[in-house]
Amino acid sequence: MIKVTLKDGSCKEMKKGTTVIEAAESISMGLARAAMAGEVNRKTVDLRYQLNEDCSLNILTFDDPEGRMAYWHTTSHILAQAVKRLYPNAKLAIGPAIETGFYYDFDIEKPFTPEQLEDIEKEMQKIIKEDLPIERFALSRDEALKFVNEAGETYKAELISELPEDAEISFYRQGEFTDLCAGPHLLSTGKVKAVKLINLAGAYWRGDEKNKMLQRIYGVSFPKKSMLDEHITKLEEAKKRDHNKLGRELGIFMTSEPIGQGLPLLMPKGAKIMQILQRFVEDEEEKRGYVRTMTPYMAKSDLYKISGHWQHYRDGMFVLGDEEKDSEVLALRPMTCPFQFMIYNSKLHSYRDLPVRMAETSTLFRNEASGEMHGLIRVRQFTISEGHIIATPEQLEDEFLGAVDLINYMLDTLGIRDDVTYRFSKWDPENKEKYIDNSEAWEDAQAKMKKILDQIGLPYEEAVGEAAFYGPKLDIQFKNVHGKEDTIITVQIDFSLAERFDMAYIDRNNEKKRPYIIHRTSIGCYERTLAMLIEKYAGAFPTWLSPVQVKVLPIIDKQNEYAENIANQLRSLGVRVEVDKRNEKIGYKIREAQLEKIPYMLVVGDKEMQNEQVAVRSRKEGDLGPMDFDKFAKMITEEIASRAK
RNA sequence: GCUGGUGUGGCGCAGCGGUAGCGCAAUUGAUUCGUAAUCAAUAGGCCAGGGGUUCAAAUCCCCUCACCAGCUCCA
């Protein structure tokens with residue numbers, strides 16, 4: 001007998017060799033029905049796993065992330081089985097569970113059509129109905145290779161051949177279908193209930209664009225139909241917040257075919273929000289000791305050759321002129337660093353001058369690949385709250401902390417602190433040609449950064465291979481409505497460009513020293529941040545950010561003059577106001593203002609006119625009733641000044 | 001850049017070989033009205049652009065451009 005400690009802390013004696021599912025059955029049949037996988041001594045295991053010694057056991061259900069993963073992973077096998085039944089020539093690549101469901105990659109002569117997707121889904125339903133038991137078996141590496149080669153599964157063979165020679169390789173079989181897989185898996189195909197194939201996409205084998213493009217099918221599944229319906233509704237709701245749709249509907253931005261891809265036009269409302277953000281950032285930077293620069297939008301290739309951008313990012317730059325024919329070529333700037341470095345180098349610096357904090361509201365140009373553009377998130381021209389801190393090694397830590405503090409202040413004020421995650425982006429020592437080659441300096445800079453991050457106590461995730469070519473980064477990540485993560489803000493430690501630009505300061509002992517450089521943004525790229533704010537607030541911005549803060553709605557034209565008067569008084573207080581003088585009923589005017597997501601509507605009729613009042617209607621709370629105008633003016637100006645959320 | 005999908009009046013869509021339609025918005029007129037849509041009339045489109053097939057193309061084929069999702073990339 002062995003002792004098994006359960007989740008609630010209780011201890012249960014079981015026979016040696018009891019499987020996880022048997023253990024679950026001994027607890028309750030309900031739990032056994034819901035069981036998707038097990039967790040033994042904190043490691044996720046299959047339901048078929050045998051308990052051979054004293055251990056802790058937790059039964060994972062669909063409510064546990066790992067349980068859900070097992071459920072979705074099994075569904076991906078059902079997908080693969082259905083595809084093999086309908087298209088026996090399809091070759092299997094990989095089919096993992098992901099955060100939002102699962103996918104499977106196939107190599108098939110002709111890409112799938114959406115109609116075929118329906119057929120595949122139907123076949124999956126059949127497989128579920130057949131309730132095929134899922135069996136696990138293991139083979140030696142050689143046996144496994146023989147097995148998949150006989151089946152003609154060349155992608156699987158490639159995967160197996162890279163495993164160590166003594167590896168024991170597991171397979172899962174359901175009916176006529178067998179797949180190489182580490183598991184865990186459910187016990188039979190009938191455990192899967194509601195399935196939906198979501199979309200089709202191309203994906204390179206092993207994520208490398210040099211490899212063949214495979215056909216990827218994404219899907220999701222749930223133990224109950226109602227859960228699937230709920231999930232689909234949620235996806236649809238999220239799409240309604242899509243900045244790319246909402247931003248256009250609300251007249252924030254537009255695109256135009258003759259202007260070109262990745263070149264959005266900010267319309268009056270979008271430009272107003274941008275200006276508000278920009279003033280906010282610039283004022284705050286000034287308070288925190290930054291000086292401003294304004295540097296050229298282009299430079300000779302010579303500059304980028306010094307920085308290394310010409311070598312690393314030539315393809316991503318808009319080059320003006322022909323390198324073959326012209327004696328010199330210019331390029332639109334893809335970043336501001338070398339320009340600010342030139343300003344730094346314009347004089348000799350004492351250690352007493354440092355740190356130098358330079359900021360610029362900087363328009364940049366990057367020739368993103370044609371398939372990359374997305375609304376305001378990935379564009380070819382954008383404006384960034386760029387800046388560089390030149391510091392002595394002793395100052396590095398404090399300056400880094402200061403940069404993070406500024407960022408967190410921005411995130412708090414915008415009300416998005418809880419919507420972001422922090423990523424510590426490191427270099428990839430396996431891929432040296434992507435980076436400045438100095439292993440020692442990399443490890444040193446990363447160690448310094450890690451120390452600072454740990455000291456602040458930010459909950460960060462490490463990401464290998466995400467560093468800039470000149471140094472490690474702290475990236476602030478935001479997930480868009482489609483669940484895709486983008487970097488909005490970044491702080492980088494640069495140990496190498498000071499060398500390339502021969503930047504220096506004179507220390508206490510009258511010796512020339514290399515400074516450290518921190519590349520940082522306050523609010524990131526304005527366009528991207530705007531996109532994020534649209535999605536966060538579903539277009540209903542906090543009052544201080546709203547392009548139109550108040551709409552005055554006269555009930556009939558008799559009150560137009562009073563309405564204008566009210567509007568002008570508010571304008572003189574710095575409030576952004578419009579008056580709706582159209583000959584429409586009040587309900588209609590309210591409806592339109594509400595759809596435009598304007599924070600306050602002021603209804604004015606005879607009663608208000610007589611009493612110097614306004615009937616306030618809040619976008620959030622509806623009719624607030626009549627209020628003295630002065631009181632409303634005080635209320636809204638305070639709300640704006642405090643940047644209330 | 002790659003895979004797939006989409007492109008029809010300002011917006012949302014229908015039409016898928018036989019003279020371009022609906023809803024909303026817009027404009028004009030009437031209505032002077034108290035918290036999410038007043039009534040009526042009118043106007044608006046070389047069906048993304050170019051080429052081809054056909055007696056005939058929004059509709060079929062080819063190319064280009066743009067938009068969407070995914071992959072790859074992202075200083």
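Chain letters run A, B, ... following the sequence lines, proteins first and then strands; every chain starts at 1.
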Give a yes/no on whether any side-chain N or O of [X] is located under 4.0 angstrom from OP1 or OP2 of [N].
X         : N       : answer
Tyr588(A) : rC24(B) : no
Arg582(A) : rU38(B) : no
His374(A) : rA69(B) : yes
Tyr313(A) : rA75(B) : yes
Gln261(A) : rC67(B) : yes
Lys210(A) : rC71(B) : no
Tyr218(A) : rC71(B) : yes
Lys239(A) : rA69(B) : no
His482(A) : rG70(B) : no

Quick one: look up who [N] pairs with, Watson-Crick or G-U, both distances under 3.5 Å, and put none if it's unpaired.
N       : result
rA26(B) : rU42(B)
rG34(B) : none
rU3(B)  : rA69(B)

Check this for me: does the side-chain of [X] come within 3.5 Å of the base of [N] through a donor and an acceptor?
X         : N       : value
Arg206(A) : rC71(B) : no
Tyr204(A) : rG1(B)  : yes
Arg378(A) : rC74(B) : yes
Glu608(A) : rG34(B) : yes

Exercise. Nearest-nucleotide wise, let me know which of Tyr470(A) and Arg591(A) is further upstream toward the 5' end of RNA chain B.
Key: Arg591(A)
Quiz item: Pro114(A) or Met373(A): which one's nearest nucleotide on RNA chain B is closer to the 5' end?
Solution: Pro114(A)
Quiz item: Using 4.0 Å as the upper bound for N to carboxylate O, is an ion pair formed by Lys91(A) and Asp107(A)?
Solution: no
Quiz item: Salt bridge or not for Glu372(A) and Arg366(A), using N-O below 4.0 Å?
Solution: no
Practice problem: Kindly write out the residues that satisfy side-chain hydrogen bond (donor to acceptor under 3.5 Å, both in side chains) with Asn367(A), not counting sequence neighbours, or none if the list is empty. | Solution: Arg380(A)
Report the nucleotide, chosen from [options], that has the shortest atom-to-atom distance to any side-chain atom of [X].
X         : options                   : result
Arg216(A) : rU32(B), rC71(B), rA75(B) : rC71(B)
Lys434(A) : rG34(B), rG1(B), rC74(B)  : rC74(B)
Glu257(A) : rG34(B), rG7(B), rC71(B)  : rG7(B)
Ile590(A) : rU35(B), rC33(B), rG1(B)  : rU35(B)
Asn199(A) : rA69(B), rA75(B), rC33(B) : rA69(B)
Lys585(A) : rC33(B), rA69(B), rG70(B) : rC33(B)

Quiz item: Would Arg520(A) and Ser522(A) count as having a side-chain donor-acceptor pair, cut-off 3.5 Å?
Solution: yes
Quiz item: Between the side chains of Glu360(A) and Thr336(A), does any donor sit under 3.5 Å from an acceptor?
Solution: no
Self-check item: ring-ring contact (aromatic ring centres under 6.0 Å, His included) partner of Tyr313(A), chosen from Phe469(A), Tyr470(A), Phe318(A)
Solution: Phe469(A)
